[in-house]
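A short worksheet on the structure shown next.
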Amino acid sequence: MPTAREIMTPGAECVNADESVMNAAEKMARLDVGSLPICGTDDRLKGMLTDRDIVVKVLAKGKDPGSCLAGELAQGEAVTIGADDDAREILRTMASHKVRRLPVIDGHKLVGIVALAEVARSVPDATVGDLLDALTTD
């Protein structure tokens with residue numbers, strides 16, 4: 001089984017926890033991505049910010065995206081995968097947390113992002129089918 005390091009997209013960019021949601025949205029648009037890791041001043045991962053978070057937790061609630069900070073949207077402990085964890089562990093983690101993207105860490109350092117599509121290309125179809133079932137059922 002391939003490891004997260006082998007199938008991830010390396011060089012993930014973070015949005016700093018003290019950056020505005022507006023800056024985060026602009027970075028998402030520039031990078032053409034729907035989510036960004038939120039990193040603190042200590043370079044540790046604080047969570048993930050999605051385009052849906054911006055719409056539901058900021059815009060729909062009438063908050064100003066220019067003054068709302070990305071770190072305010074980081075909830076709980078960030079769900080991650082270790083760089084040397086294999087594809088089965090990635091799938092287990094995605095299924096148990098119902099997420100389609102995972103930050104990949106080496107120690108405490110963010111080294112990339114692994115997406116469901118990348119995992120799907122690297123494992124047998126039946127395994128991916130099980131994950132999709134887990135992600136889409138409540």
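No experiment lies behind these values; they were computed from the predicted model shown.
Legend: disulfide bond (SG atoms under 2.5 Å apart) pairs involving residues 4-40, not counting sequence neighbours, sorted by first then second residue: C14-C39. Sorted by first and then second residue, the salt bridge (Lys or Arg N to Asp or Glu O under 4.0 Å) pairs with a member in residues 53-68 read D53-K57; sequence neighbours excluded.
Qualifying salt bridge (charged side-chain N to carboxylate O under 4.0 Å, His left out) partners for R101, counting only residues two or more places apart in sequence or in other chains: none. Listed by chain and residue number, R92 satisfy the salt bridge (charged side-chain N to carboxylate O under 4.0 Å, His left out) test with E89 (two or more places apart in sequence, or in another chain). Listed by chain and number, the residues in a side-chain contact (heavy atoms from CB on, under 4.5 Å) with D106 are R5, A83, V111 (sequence neighbours excluded). N23 is linked by a side-chain contact (heavy atoms from CB on, under 4.5 Å) to E19, S20, E26, counting only residues two or more places apart in sequence or in another chain. With sequence neighbours left out, L69 forms a side-chain contact (heavy atoms from CB on, under 4.5 Å) with E72.
Taken to the nearest 0.5 Å, the OG atom of S67 stands 9.5 Å off from the CE atom of M22. The CD1 atom of I54 sits 7.5 Å away from the CG atom of L59 when rounded to the nearest 0.5 Å.
Grouping Ile, Leu, Val, Met, Phe, Trp and Tyr residues whose side-chain heavy atoms lie under 4.5 Å apart, directly or via other members, places I113 in a hydrophobic cluster with M48.
Inter-residue side-chain proximity for I90 and I7 is flagged as met; some heavy-atom pair is nearer than 4.5 Å. Residues I81 and M8 fail the side-chain proximity criterion, which asks for heavy atoms closer than 4.5 Å.
Atom CZ of R30 has more than 12 neighbouring heavy atoms from other residues, nucleotides or ligands inside a 6.0 Å radius.
Taking every heavy atom of both residues into account, A4 and G82 meet most closely at CB-O, 3.5 Å.
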